[in-house]
2 protein chains.
Amino acid sequence: MARAATTSDAFNAIAEPQRREILMLLRGGERSVTELARDLGMSQPQASKHLRVLREVGLVRVREAGKQRLYGLDARGLRPIHEWVGGFERFWNGTFDRLDEYVRDLKQARQEEAADDDDQ
Amino acid sequence: MARAATTSDAFNAIAEPQRREILMLLRGGERSVTELARDLGMSQPQASKHLRVLREVGLVRVREAGKQRLYGLDARGLRPIHEWVGGFERFWNGTFDRLDEYVRDLKQARQEEAADDDDQ
DNA sequence: TTGACGCATTCCGATATAGGCATATGATGA
DNA sequence: TCATCATATGCCTATATCGGAATGCGTCAA
């Protein structure tokens, strides 16, 4: 089997740096395809393709405006990602693992200490 | 050019559901490859391959323990992702975009109103 | 109606999977 | 030393890109 489609979910969609740049740019408001392509230094077809992926996972919306198509951000799909990654927050705060080990060692030390007390 | 390597960064690494499951499981502590494979219902080679990817982007660490290799979580690499996605937090809170549009419409309505006043 | 403009789509080529299977590598214990 | 257990790696197939170039298509203005 091949790699999952970029359109399978938001996780795959934002794995591509250029698509992340598109999303960041769209925080400033709606943009036309040509504008996006120009500002991000990519070809128009590439912009269209990336926008299609973002559209299929629901991270952007389109609005027709004459000849142009204005793409706007729809960040709701990013929320599950934020929450999933947030579930690891306590683990990247400093030396959690070492602290965890430290706590374990501490407990063990106390037990041994208690055992020594019992012996005496 | 083809798609970026899964080992290029954490964004690509966590795009794969099974790798996300591995990370979630490792929140409970270190696990051996066989344990991971069993608990997640994947073959041992697949587990090893996914772990290699996670290792190369620095999301897990290995510790040799006799015949086994215990993999542990190193979530620090998830922090940049959390922060990047967090930059969109205000955009998924409720009807931000509509509120934005509403504010625009309101401004425009006020300007037209002012113009009408001038006319009269 | 015609030409120009803005976008989307298609075709092509190079690449990197993900999964199954077989096998090499390494450490352990008898 | 040898058999066994735990992992890692190599090979193969099917697939899904990402980028470039060319092209189709709808809209708008003259």
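Chain letters run A, B, ... following the sequence lines, proteins first and then strands; every chain starts at 1. Basis for what follows: all heavy atoms, side chains included, without hydrogens, waters or symmetry-related copies.
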Checklist entry - Is a salt bridge present between A:Glu56 and A:Arg52, judged by a nitrogen-to-oxygen distance below 4.0 Å? => result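 Counted as a salt bridge, because a side-chain N and a carboxylate O are separated by less than 4.0 Å.
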Interatomic distance where [atom1] belongs to [X] and [atom2] belongs to [N] [whole Å]:
| X | N | atom1 | atom2 | result |
| --- | --- | --- | --- | --- |
| B:Glu21 | C:dG19 | CD | P | 11 Å |
| A:Asn12 | C:dA18 | CG | C1' | 12 Å |
| B:Asp9 | C:dT17 | CG | P | 12 Å |
| B:Leu40 | C:dG19 | CG | C1' | 15 Å |
| B:His50 | C:dT17 | NE2 | P | 12 Å |
| B:Gln18 | C:dG19 | CD | C1' | 9 Å |

Considering non-hydrogen atoms only, spot the tightest contact between [X] and [Y] and give its length.
| X | Y | result |
| --- | --- | --- |
| B:Gly77 | B:Ala10 | O-CB, 3.8 Å |
| B:Glu35 | B:Ser32 | OE1-N, 2.9 Å |
| A:Phe11 | B:Arg20 | CG-NH1, 3.4 Å |
| B:Trp84 | A:Met24 | NE1-SD, 3.2 Å |
| B:Ala13 | B:Val53 | CB-CG1, 4.2 Å |
| B:Phe88 | A:Leu23 | CE2-O, 3.5 Å |

Checklist entry - Could you go step by step and tell me if B:Asn12 and B:Arg19 meet the side-chain hydrogen bond (donor to acceptor under 3.5 Å, both in side chains) rule? => result CA-CA 10 Å; B:Asn12 281 281; B:Arg19 282 195 287 267; over 6 Å; no
Next on the checklist: Generate the contact string for nucleotides 3-12 of chain D. Rules: B means base contact, S means sugar-phosphate contact only, - means no protein heavy atom under 4.0 Å.
Outcome noted: --BSBBBBB-
Polar pairs (N or O, both sides) under 3.5 Å between protein and nucleotides 15-17 of chain D?
residue : atom : partner : partner atom : Å
D:dT17  : OP1  : A:Thr6  : N            : 2.7
D:dT17  : OP1  : A:Thr6  : OG1          : 2.8

